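In what follows, a structure is listed as structure tokens, so that the remarks can point back to it.
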Amino acid sequence: MTIYFYKAWQPYGCFSNFSFHGIHVQGIYWPTVEHYYQAQKFVGSTDAVIIPFIHAAATPEEAAALGRCSSRQLRRDWDLVKTQVMREAVLKKFLTHADIREVLLKTGDEMLVENSPTDYFWGCGANKTGQNHLGKILISVREEIRKLLSLTVIHE
Ligand SMILES: Nc1c(N[C@@H]2O[C@H](COP(=O)(O)O)[C@@H](O)[C@H]2O)[nH]c(=O)[nH]c1=O
């Protein structure tokens, strides 16, 4: 049975990038994957000054609002790198937090779908025809963690 998730306070909300499960990346702590992801849009761009503000945003909603501002200049390679940026952050999240790693592993081989009514890239969109890249990333992270666990013990 397909597992749908979207808002952090709904069932399987820990799969949302807006859930408060922080990650360390290259020595910097980010309060949510969403903070990290939105900030990466501006690495090396002329609008990189926004990065500390995204980092300091009190909520992921605020971080997303800053990152989604259409008048700012995104890094040129963003469309090429964004899926890999997201995958690395999501992998880090589930390697860092044992409780939600268990939730992810317990989903077995179920399909995971970000049930966003508006996002046809990361989610399935309003009519379920979206590409669901976040769900696909979670499934591939689930597989990678299973492989890692079969080889070694994860050190948090
Ligand atoms: N979960 C969730 C959303 N979905 C998230 O939004 C991000 C895409 O942002 P962008 O590339 O800027 O359009 C990505 O992390 C996706 O999972 N959006 C929301 O407004 N609220 C939410 O609770």
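Given the structure is predicted, the values throughout are model-derived calculations rather than measurements. Indexing begins at 1, ligand by ligand and atom by atom, following the structure's order.
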Stepwise side-chain hydrogen bond (donor to acceptor under 3.5 Å, both in side chains) test for Lys93 and Ser19:
CA-CA 10 Å; Lys93 173 178 167 180; Ser19 79; 3.0 Å; yes

At under 4.0 Å between heavy atoms, is it the side chain or the backbone of [X] that contacts ligand 1, or both, or neither?
| X | value |
| --- | --- |
| Glu61 | neither |
| Gln38 | side chain |
| Phe121 | neither |

For [atom], find the nearest protein heavy atom and state the residue, atom name and distance (0.1 Å precision).
| atom | result |
| --- | --- |
| atom 11 (O) of ligand 1 | Tyr37 OH, 2.7 Å |
| atom 4 (N) of ligand 1 | Glu114 OE2, 3.1 Å |
| atom 14 (C) of ligand 1 | Glu34 OE1, 3.6 Å |
| atom 21 (N) of ligand 1 | Lys7 NZ, 3.1 Å |
| atom 13 (O) of ligand 1 | Arg68 NE, 3.6 Å |

Suppose we call two aromatic rings close when their centres sit under 6.0 Å apart. Are Phe15 and Phe5 close by that rule?
yes

Could you tell me if the ring centre of Trp122 sits under 6.0 Å from that of Tyr37?
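Yes, the ring of Trp122 comes within the 6.0 Å limit of the ring of Tyr37, centre to centre.
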
Establish, from distance only, whether the side-chain atoms of Arg76 and Ser45 form a donor-acceptor pair under 3.5 Å.
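No - no donor-acceptor pair under 3.5 Å links their side chains.
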
When you measure from the heavy atoms of Lys41 to every atom of ligand 1, does any distance fall below 4.0 Å?
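Flag set, Lys41 near ligand 1.
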
Heavy atom of Lys82, distance to ligand 1 below 4.0 Å
no

Which atoms of ligand 1 are found less than 4.0 Å from any heavy atom of [X]?
| X | result |
| --- | --- |
| Leu134 | 17 (O) |
| Asn17 | 14 (C), 15 (O), 17 (O) |
| Ser16 | 1 (N) |
| Met86 | 14 (C), 15 (O) |

Closer than 3.5 angstrom, by distance alone: can the side chain of [X] be matched with the main-chain N or O of [Y] as a donor-acceptor pair?
| X | Y | result |
| --- | --- | --- |
| His97 | Gly22 | yes |
| Asn132 | Gly125 | no |
| Lys147 | Arg142 | no |

Side-chain polar contacts of residues 46-62 - donor-acceptor pairs under 3.5 angstrom, sequence neighbours left out - could you list them?
unit_1	atom_1	unit_2	atom_2	d
Asp47	OD2	Gln73	N	2.6
His55	NE2	Tyr29	O	2.7
Thr59	OG1	Glu62	N	3.0

Going through the distances and angles, do Asp109 and Arg146 end up as a salt bridge (Lys or Arg N to Asp or Glu O under 4.0 Å)?
CA-CA 11 Å; Asp109 292 325; Arg146 281 199 186 118; 3.5 Å; yes

